[in-house]
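Structure, as structure tokens:
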Protein chains: 2
Amino acid sequence: MTEPSRRPGQPSPPPVRVRLVDVARETGLSKTTVSAALTGTGRLSEAVRERVRETARAMGYRPNATARQLRAGRARLIGYVVGEYAGEPWAFLESPYVARLTGATAATAIERGYAMVLLPAGSLQNEWVELPLDAVVVADPVADDRIVDDLLAAGIPVFSDRSVAGRPGAYWVDVDAEAALREILDHLAEQGAGRPALVAPVTDTRFNRDALAAYRAWCAERGLAERVVRAEGAGNGPVVRALEEMLTQGELPDALVLVAEASPPLVLEALRRHGLDVPGDLLLVCVSEDVTALHTSPAVTTLSLRPRAVAQAGVERMVAVLEQGMTEPAGTLVPTRLQVRASSLRPSVPPA
Amino acid sequence: MTEPSRRPGQPSPPPVRVRLVDVARETGLSKTTVSAALTGTGRLSEAVRERVRETARAMGYRPNATARQLRAGRARLIGYVVGEYAGEPWAFLESPYVARLTGATAATAIERGYAMVLLPAGSLQNEWVELPLDAVVVADPVADDRIVDDLLAAGIPVFSDRSVAGRPGAYWVDVDAEAALREILDHLAEQGAGRPALVAPVTDTRFNRDALAAYRAWCAERGLAERVVRAEGAGNGPVVRALEEMLTQGELPDALVLVAEASPPLVLEALRRHGLDVPGDLLLVCVSEDVTALHTSPAVTTLSLRPRAVAQAGVERMVAVLEQGMTEPAGTLVPTRLQVRASSLRPSVPPA
DNA sequence: CTGAAAGCGCTAACAG
DNA sequence: CTGTTAGCGCTTTCAG
């Protein structure tokens, strides 16, 4: 027992941390030299460097990350928050799109030397004021999201979607919803579907608003009647209910575009329950990142919102802003990708 | 232009941070008083306190989180890492179980005042040495996971599953896989299924090993032949392929237990493709957190591994260790929950 | 009731 | 080539 125990009552006194000064004392060198040896800076002989490294390792020295951050003036830490999700602050990972965006953001950030903390959806100040965040990614903000203003007011750069465009300190990456919907609808029309219906959730995200507007515009251009069903929120339950409602009342559409993220096999099953064959009676396109779409029969045509590409573009923008002070351009547009599969191909029309 | 601009070349010089000393100067008080006023400590008149708060707000003062952390000796930051996932360091959020565990861990941590950083699955030192982590949650470590040893060697407490039991500084929360499998198999037997088959992934997590062993023991006790199919990895593709393989060769089982997480509607569809009716020809139980199980017809019986309960127990243990130095008990067992639905009820046997 | 001063652990000027 | 010194921004004894 050579170490003084501070609090006799505590079951496990925290192991005495080895500090830089301890290594300095042990090697008979100064803090400076040890620091330089360990970080690879300065001009030291390789012999000294090696001896220091060896001693440090033997003593179990671990640099204190907080002290380094204070010195460096930044923590290389970013926040990640979803604007709003289904009224539940933590359910956002249940959406395959958001899960992928989250994972890809964390991945790209780590590659660039930044760690990412997960914040609750619809977060208020309380959760992030105590954190040394260099920047925050706000995924799918709702219109005029308060968190964006709060962050900007705190001097924290925000990376989000197009809805933050124009505010200083705010940068955006987005997908082109209008082009995406046109591509889907044109594809369906090409396959002979003249009365496509749209299933959209009531959530007020940028993509949903734009998608709905694009659908309406497309119908208007062709003098077609709109057919929109709203699912009461995100998740499979509401979407299936909305689907059933549509199928039991009124004229059947000849194609279905699901903008609301739902499980493709579940959608197929719901359609089958109503005696509908896909693609025989109804063509189907889902806006979804759900990989089960590949494994159903028929495989389901999906529109990918490219969460990985979005995340990469966003983090790269962030690094450029944080490290080179680049503020132009403020935004990037990422193209979506339509993966045409059997569910949206008229059986009589062979695939291109 | 009263503020001196440091680097004329930089497009946006970082806005001059307001520090504690600035507020002190402005109010004509000392740093001490301002600090006490703002943190609510010390014995100050309410008048002073209010005046300081007002000035601080007016000046846009935000305390520097890093400096506070350095002073406090801890960062209230924890790491979260999955032992290994499908060979892909970032795909883990695609598993509904892991996604829920991740979300619930972050949620409970935030409630307790800790922020959680996401680390890549199978992470090495490089990703976390620069972070001031007070503790790390290691979900589903593989056998003798190196990261656990590395963290413990660095003096960072680890919260994981039973496989870390016995190592000082390591704490665990786990579900009782054996009891879970017995409950499933007994339930199936009760419903008249005498030849249950098991579909398990090849991943070497604690739960999978234990589940497989429990299945074998259960079969052995009854003198039943085992029927195990291994899916080549996590994800829906491998599971569906494994299923098809099982269905095309040899005698059909009369019940199926999917320990490998797969989409319930997708599994149902695969079975239907082979002309099998659930539950008529085959009873089905999925170990899964996927909510689509509720919306299929028949609804699918699931065994929940209770990710929320596991996360809560783990984080509460962590807080107790970090803040009260409690080291006992080292582990907690959380019961699983079998949700019996139509897919595992013989049509002739009415539900209890 | 308030303020001066001492650090938390580290890195980077600047001397020697 | 190496060491002394001065902080990064904050909280907290401890005097006044």
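Here is how names work: the chains are called A, B, and so on, in the same order as the sequence lines, proteins then strands, and each is numbered from 1. What you see is a predicted model; the values in this text were computed from it and never measured.
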Could you tell me the separation between the CZ atom of A/Arg74 and the C1' atom of C/dT11, rounded to a whole number of Å? 14 Å

Expressed as a whole number of angstroms, how long is the span from A/Gln69:CD to D/dC10:P? 15 Å

Rounded to whole Å, how long is the line connecting atom CZ of B/Arg19 with atom P of D/dC8? 7 Å

Report the distance from atom CD of B/Glu130 to atom C1' of C/dT11, rounded to the nearest whole Å. 13 Å

Atom pair distance, as rounded to whole Å: CG in A/Leu20 and P in C/dG9: 11 Å

Five pairs per end, C1' atoms only: what is the angle between the end axes of the helix from C/dC1-D/dG16 to C/dG16-D/dC1, to 10 degrees? 50°

Does C/dC10 have OP1 or OP2 sitting under 4.0 Å from an N or O in the side chain of A/Arg68? no

The reported gap from CG in B/Asn64 to CD in A/Gln69 (rounded to nearest 0.5 angstrom) is 10.0 Å

Output yes when B/Arg51 and B/Glu54 qualify as a salt bridge under the 4.0 Å nitrogen-oxygen rule, no when they do not. no

In whole Å, I'd like the distance from the CG atom of A/Leu70 to the C1' atom of C/dC10. 8 Å

Under 4.0 Å, counting only non-hydrogen atoms across every strand here, what does B/Thr39 touch: a base, just sugar-phosphate, or nothing? sugar-phosphate

Exam field: side chain A/Arg317 to backbone A/Pro329, donor-acceptor pair closer than 3.5 Å: yes

List every contact pair, protein side and nucleotides 4-7 of chain D side both N or O, where the distance is under 3.5 Å.
residue	atom	partner	partner atom	Å
D/dT4	O4	A/Thr32	OG1	2.7
D/dG7	N2	A/Arg71	NE	3.1

Looking only at heavy atoms, which two atoms of B/Leu152 and B/Pro168 are closest? And how far apart? CD2-O, 3.7 Å

Is B/Arg112 salt-bridged to B/Glu316, cutoff N-O under 4.0 Å? yes

What I want to find out is whether B/Arg53 reaches B/Glu46 closely enough, with some N-O distance under 4.0 Å, to be called a salt bridge. yes

Using every non-hydrogen atom in the two residues, find where B/Leu133 and B/Trp128 come nearest and quote the distance to one decimal. CD1-CB, 3.8 Å

Which pair of heavy atoms, one from B/Tyr114 and one from B/Ile78, lies closest together, and at what distance? CD2-CG2, 3.9 Å

Indicate, with a heavy-atom threshold strictly under 4.0 Å, whether A/Leu44 touches base, sugar-phosphate, or nothing. sugar-phosphate

Parallel, tilted or perpendicular: rings of B/Phe159 and B/Tyr171 (30°, 60°): parallel

Review item, nucleotides 14-16 of chain D N/O atoms under 3.5 Å of protein N/O:
none

Grab the CG-C1' distance between B/Asp134 and C/dC8 for me, whole Å please. 15 Å

Would you call B/Asp149-B/Arg146 a salt bridge at under 4.0 Å N-O? no

If we ignore angles and hydrogens, is there a donor and acceptor under 3.5 Å between the side chains of A/Ser30 and A/Thr33? yes

